[in-house]
Amino acid sequence: MDIVRFEDTPFYNPPNHEGVISRRLQGDVVSKADFAWVGFSDFPPGVIVPMEAGTFSKMYVVIAGSLTIEQADGKRYLLSEMDSIFIPAGEARSVINDSGAPAAIIVVTPPPVI
């Protein structure tokens with residue numbers, strides 16, 4: 001069993017996530033979790049993660065505030081507290097905090113294939 005205290009979690013910088021403050025909660029260097037990595041990302045007001053298609057699937061769970069997820073075709077989804085979304089590998093999306101208030105999500109991804 002691996003207990004990880006939030007104050008002990010390391011920061012990390014996901015590519016193309018300028019302005020987002022991210023911390024690793026489980027997996028990677030913080031625990032022996034081998035089936036998923038879990039992160040926390042804080043989105044200050046006005047932050048926009050540009051449109052990109054990830055190489056792996058991911059899930060977001062909004063735990064504070066609200067965020068807009070935009071697909072490549074322009075369709076937008078507003079996610080509020082405790083809403084979640086599954087994004088398949090290869091599906092382009094942008095994450096936008098245009099709410100004027102801070103927002104935060106939990107991110108769940110598979111560990112990288114080595």
Side-chain angles (χ1 to χ4, degrees):
M1 188 177 316
D2 292 325
I3 296 172
V4 180
R5 305 284 181 206
F6 187 75
E7 63 267 14
D8 298 330
T9 58
F11 291 93
Y12 68 100
N13 296 308
N16 301 316
H17 283 60
E18 187 175 324
V20 177
I21 302 162
S22 298
R23 297 175 86 145
R24 179 72 59 215
L25 302 179
Q26 283 290 331
D28 194 17
V29 298
V30 296
S31 76
K32 295 181 218 97
D34 59 359
F35 65 95
W37 284 8
V38 180
F40 166 86
S41 291
D42 182 25
F43 286 76
V47 165
I48 299 172
V49 174
M51 187 69 62
E52 65 181 348
T55 58
F56 48 84
S57 298
K58 58 193 67 139
M59 290 181 277
Y60 299 154
V61 180
V62 178
I63 59 170
S66 62
L67 291 168
T68 299
I69 309 298
E70 183 176 1
Q71 293 179 298
D73 65 4
K75 190 166 186 179
R76 295 166 68 106
Y77 302 92
L78 179 63
L79 301 180
S80 298
E81 275 188 39
M82 300 313 296
D83 289 344
S84 61
I85 188 169
F86 168 72
I87 303 168
E91 187 171 306
R93 56 84 184 105
S94 178
V95 182
I96 305 160
N97 184 355
D98 54 3
S99 70
I105 63 173
I106 298 295
V107 181
V108 181
T109 67
V113 177
I114 300 174

Hphob cluster co-occupancy, Val107 + Met59, side-chain heavy atoms under 4.5 angstrom: no
Check: [Y] and [X] side chains under 4.5 Å, non-hydrogen atoms:
X	Y	answer
Phe43	Leu67	yes
Ile3	Arg5	yes
Val29	Pro10	yes
Tyr12	Asp28	no

Contact summary for [X] and [Y], nearest pair of heavy atoms:
X	Y	answer
Ala89	Ser57	N-OG, 3.1 Å
Gln26	Ser31	OE1-OG, 2.6 Å
Ala36	Val108	CB-CG1, 4.1 Å

OG-CG distance between Ser94 and Asn16, expressed to the nearest 0.5 angstrom: 10.5 Å
Intermediate values then yes/no, side-chain contact (heavy atoms from CB on, under 4.5 Å), Val30 and Leu25: CA-CA 7 Å; Val30 296; Leu25 302 179; 6.0 Å; no
Residues Asp42, Phe40; criterion side-chain contact (heavy atoms from CB on, under 4.5 Å); working and verdict: CA-CA 7 Å; Asp42 182 25; Phe40 166 86; 4.0 Å; yes
Audit row: Glu70, Lys75, salt bridge (charged side-chain N to carboxylate O under 4.0 Å, His left out) steps and yes/no: CA-CA 6 Å; Glu70 183 176 1; Lys75 190 166 186 179; over 6 Å; no
Whichever hydrophobic residues join Met1 through chains of side-chain contacts under 4.5 Å: none
Under 3.5 Å side-chain donor-acceptor pair for Ser80 and Ser66: no
All salt bridge (Lys or Arg N to Asp or Glu O under 4.0 Å) counterparts of Arg23, not counting sequence neighbours: none
Under 3.5 Å: donor-acceptor pair, side chain of Asn97, backbone of Ala101: yes
